[in-house]
Amino acid sequence: MATPTPAPAPTPTAQRLSGLVTIDGSSTVFPISEAVAEEFQKQYPDVQVTVGISGTGGGFKKFCAKEIDISDASRPIKDSELQTCQQNGVEFIELPVAFDGLSVVVNPQNDWVDHLTVDELKKMWEPAAQGTVTRWNQIRPEWPDEPLNLYGAGTDSGTFDYFTEAIVGESGASRGDYTASEDDNVLVQGVAGDVNALGYFGLAYAVENAGRVKIVPIVNPKTGEPVMPSLETVKNGQYVPLSRPIFIYVSMTAIERPEVDAFVRFYLENAAALAEEVGYIPLPDEAYQLVMERYEQRKTGSVFQGVEVGVSIEEVLRREQ
């Protein structure tokens with residue numbers, strides 16, 4: 001009687017990977033992480049990926065408290081957050097995944113604003129403007145003597161931090177008498193319903209709501225030319241200072257789990273296509289190569305913290321080569 005041939009040892013397959021990957025943080029990065037999670041779960045149906053939105057600051061709080069594996073962030077980590085992570089023994093890898101242009105928008109019925117300078121935006125938004133700069137003709141005398149109604153990101157939002165740093169010159173420095181929300185849809189609704197409104201939020205949301213809000217070109221401080229934010233002008237560096245990289249921060253402890261490691265690799269391999277699909281701007285190819293190298297080499301800590309506005313992402317990543 002022939003002895004039965006032993007069955008071959010099972011080889012690990014995509015389907016056999018299981019577990020949970022937890023992500024939280026920026027509402028700006030959320031659409032990309034959500035799209036990546038959906039595609040990843042098609043390939044790895046036994047891995048559950050949860051993506052929350054508690055704002056960049058809220059995400060870092062959970063991340064540094066070891067409550068989540070990955071933090072979505074629309075700005076680099078702050079000193080205070082870095083210290084909390086260090087105190088709690090949380091080591092991380094900082095990975096840029098796409099660009100976002102911040103858009104300044106007005107109501108479609110606004111027929112007087114055709115462009116704005118950084119100085120004019122600063123005049124509207126700096127702390128000294130609170131209660132004093134309240135009408136359009138205070139920005140330019142030829143503009144109407146009508147109320148200037150402002151809508152912007154809430155203070156827990158990375159968008160708030162980035163906008164205030166780029167426009168006012170100090171992260172978090174802003175007037176407080178404006179309609180604030182971490183939910184960009186609330187801001188869209190506000191501007192869409194008010195002819196005297198001006199607001200700011202991520203470019204993807206502005207493009208998505210093109211009929212409801214009007215995007216304002218911003219004057220490039222170096223060239224003096226008004227530039228409309230777009231995939232092209234953000235990627236080629238013409239739209240400054242309101243374009244920025246957006247990030248995921250990945251816990252070193254979490255990537256020891258195969259499902260998290262697989263997810264991060266999948267994210268970096270597919271970020272360009274999926275970011276564009278949901279309205280964001282992919283990084284240049286060289287940047288994605290450098291980001292993947294950073295992940296492969298397990299380079300921990302932040303290289304983007306405190307980086308001056310307008311430096312190319314490849315230049316920042318090459319600094320640690």
Open item on the list: Closer than 3.5 angstrom, by distance alone: can the side chain of Arg75 be matched with the main-chain N or O of Gly158 as a donor-acceptor pair?
Closed with: no
- [ ] For Leu82 and Phe92, run side-chain contact (heavy atoms from CB on, under 4.5 Å): C-alpha distance rounded to whole Å, both residues' side-chain angles, the deciding distance at 0.1 Å, then the answer.
- [x] CA-CA 10 Å; Leu82 195 57; Phe92 59 80; 3.4 Å; yes
Open item on the list: For a quick test of reading the model, state the closest non-hydrogen atom pair linking Pro108 to Gly211 and the distance between them.
Closed with: CG-O, 3.7 Å
Open item on the list: Hydrophobic cluster membership, with links at side-chain heavy-atom distances under 4.5 Å among I/L/V/M/F/W/Y: are Phe304 and Phe163 in one?
Closed with: yes
Open item on the list: How long is the straight-line distance from CG of Asn220 back to CD of Glu225, given to the nearest 0.5 Å?
Closed with: 8.5 Å
- [ ] Evaluate the side-chain proximity of Pro127 to Val168: yes if any heavy-atom separation is below 4.5 Å, no if none is.
- [x] yes
Open item on the list: Using the salt bridge (Lys or Arg N to Asp or Glu O under 4.0 Å) criterion, which residues pair with Glu39? Sequence neighbours excluded.
Closed with: Lys42
Task: Cluster link Val195 to Val213, ILVMFWY, side chain under 4.5 Å - done: no
Open item on the list: Tell me the closest heavy-atom pair linking Ala197 and Gly190, and the distance in Å.
Closed with: CB-O, 4.3 Å
- [ ] State, yes or no, whether a side-chain contact exists between Lys222 and Val240 at a heavy-atom distance under 4.5 Å.
- [x] no
Open item on the list: For Met124 and Trp136: C-alpha separation, side-chain torsions, deciding distance, then whether side-chain contact (heavy atoms from CB on, under 4.5 Å) applies.
Closed with: CA-CA 9 Å; Met124 292 179 188; Trp136 280 99; 4.1 Å; yes
- [ ] Using the salt bridge (Lys or Arg N to Asp or Glu O under 4.0 Å) rule, take Asp261 and Arg265 through it: C-alpha gap first, then chi angles, then the decisive distance, then the call.
- [x] CA-CA 6 Å; Asp261 179 50; Arg265 289 173 187 280; 3.2 Å; yes
Open item on the list: Are the side chains of Pro147 and Arg135 in contact, using a 4.5 Å heavy-atom criterion?
Closed with: yes
TODO: Carefully, step by step, assess Phe263 and Ile255 under the rule side-chain contact (heavy atoms from CB on, under 4.5 Å).
DONE: CA-CA 9 Å; Phe263 179 78; Ile255 59 173; over 6 Å; no
Open item on the list: Given Asp72, which partner from the list Ser27, Ser26, Ser33 fulfils the side-chain hydrogen bond (donor to acceptor under 3.5 Å, both in side chains) test?
Closed with: Ser33
Open item on the list: How about NZ on Lys122, more than 12 heavy atoms from neighbouring residues, nucleotides or ligands closer than 6.0 Å, or not?
Closed with: no
TODO: List in chain and number order the residues that pass ring-ring contact (aromatic ring centres under 6.0 Å, His included) with Phe201, two or more places apart in sequence or in another chain; answer none if no residue qualifies.
DONE: none
- [ ] Any salt bridge (Lys or Arg N to Asp or Glu O under 4.0 Å) involving residues 271-288? Give me the pairs, sequence neighbours left out, ordered by first then second residue.
- [x] Glu286-Arg318
- [ ] Verify, without hydrogens or angle tests, whether Lys66 (side chain) and Asn88 (backbone) share a donor-acceptor contact under 3.5 angstrom.
- [x] yes
- [ ] Determine, stepwise, if the pair Val105 / Ile215 fulfils side-chain contact (heavy atoms from CB on, under 4.5 Å).
- [x] CA-CA 4 Å; Val105 299; Ile215 300 173; 4.2 Å; yes
Open item on the list: Using modelled atom types and a 3.5 Å cut-off, is there a donor and acceptor pairing between side-chain atoms of Arg175 and backbone atoms of Val133?
Closed with: yes
- [ ] Return each pair, listed once, that meets ring pair (Phe, Tyr, Trp, His ring centres under 6.0 Å) where at least one residue sits in residues 205-238; pairs must be two or more places apart or across chains.
- [x] none
Task: Side chain Thr233, main chain Tyr239, donor-acceptor under 3.5 Å - done: no
TODO: Considering non-hydrogen atoms only, spot the tightest contact between Gly101 and Val234 and give its length.
DONE: CA-CG2, 4.0 Å
Open item on the list: Quick one: does any side-chain atom of Asn209 pair with a main-chain N or O of Arg212 as donor and acceptor, under 3.5 Å?
Closed with: no
Open item on the list: With clusters defined by side-chain heavy atoms of hydrophobic residues (ILVMFWY) lying less than 4.5 Å apart, directly or transitively, does Val207 cluster with Phe99?
Closed with: yes
Task: Close side-chain approach of Thr84 and Phe60, heavy atoms under 4.5 Å - done: no
Task: Expected output: side-chain Arg140 to main-chain Asn137 donor-acceptor under 3.5 Å - done: no
TODO: Report yes if some heavy atom in the side chain of Thr164 is under 4.5 Å from a heavy atom in the side chain of Phe160; otherwise report no.
DONE: yes
Open item on the list: Would you say that more than 12 heavy atoms from the other residues, nucleotides or ligands in this model lie under 6.0 Å from the NZ of Lys214, or not?
Closed with: yes
Open item on the list: Between Glu314 (side chain only) and Leu290 (backbone N and O only), is there a donor and an acceptor less than 3.5 Å apart?
Closed with: no
Open item on the list: Any side-chain to backbone donor/acceptor pair from Asp183 onto Asn185? Under 3.5 Å, distance only.
Closed with: yes
TODO: For Lys299 and Ile93, work out which heavy atoms get closest and say how close.
DONE: O-CG2, 3.4 Å
Task: Side-chain heavy atoms of Val97 within contact of Val36, under 4.5 Å - done: no
Task: Val118-Val219 co-clustered via ILVMFWY side chain contacts under 4.5 Å - done: no
Task: By salt bridge (Lys or Arg N to Asp or Glu O under 4.0 Å) - contacts of Asp24 (at least two apart) - done: Lys62
- [ ] Taking side-chain contact (heavy atoms from CB on, under 4.5 Å) as the test, write out the residues that go with Thr22, two or more places apart.
- [x] Leu20, Thr50, Ile68, Asp69
Open item on the list: Which residues pass the ring-ring contact (aromatic ring centres under 6.0 Å, His included) test with Tyr288, not counting sequence neighbours?
Closed with: none
Open item on the list: Suppose we screen for ring-ring contact (aromatic ring centres under 6.0 Å, His included). Which residues come up paired with Tyr178, at least two apart in sequence or across chains?
Closed with: Trp125
TODO: Group every Ile, Leu, Val, Met, Phe, Trp and Tyr by side-chain heavy-atom contacts under 4.5 Å, then state whether Trp112 and Val104 land in the same group.
DONE: yes
Open item on the list: Is it the case that the side chain of Glu296 and the backbone of Met292 share a donor-acceptor pair, with hydrogens and angles ignored and the cut-off at 3.5 Å?
Closed with: no
Task: 4.5 Å side-chain heavy-atom contact, Asp194 and Tyr151 - done: yes
- [ ] State, with a plain yes or no, whether a side-chain heavy atom of Val113 is found less than 4.5 Å away from one of Leu198.
- [x] no
Task: Sequence-distant partners of Glu182, salt bridge (Lys or Arg N to Asp or Glu O under 4.0 Å), two or more places apart - done: none
Open item on the list: For a quick check under 3.5 Å, do Thr56 and Ser74 share a side-chain donor-acceptor pair by atom type?
Closed with: yes
Task: Pairs meeting criterion side-chain hydrogen bond (donor to acceptor under 3.5 Å, both in side chains) with involvement of residues 93-106, two or more places apart - done: Glu94-Tyr249, Glu94-Ser302, Asp100-Arg244
Open item on the list: Against Glu259, only a single residue in Val21, Val49, Asp46 fulfils side chain to side chain contact (heavy atoms under 4.5 Å, CB included); can you say which?
Closed with: Val21
Task: Partners passing salt bridge (Lys or Arg N to Asp or Glu O under 4.0 Å) against Lys78 (at least two apart in sequence or in another chain) - done: Asp161
- [ ] With sequence neighbours left out, write down each residue that passes side-chain hydrogen bond (donor to acceptor under 3.5 Å, both in side chains) with Tyr280, or none if nothing qualifies.
- [x] none
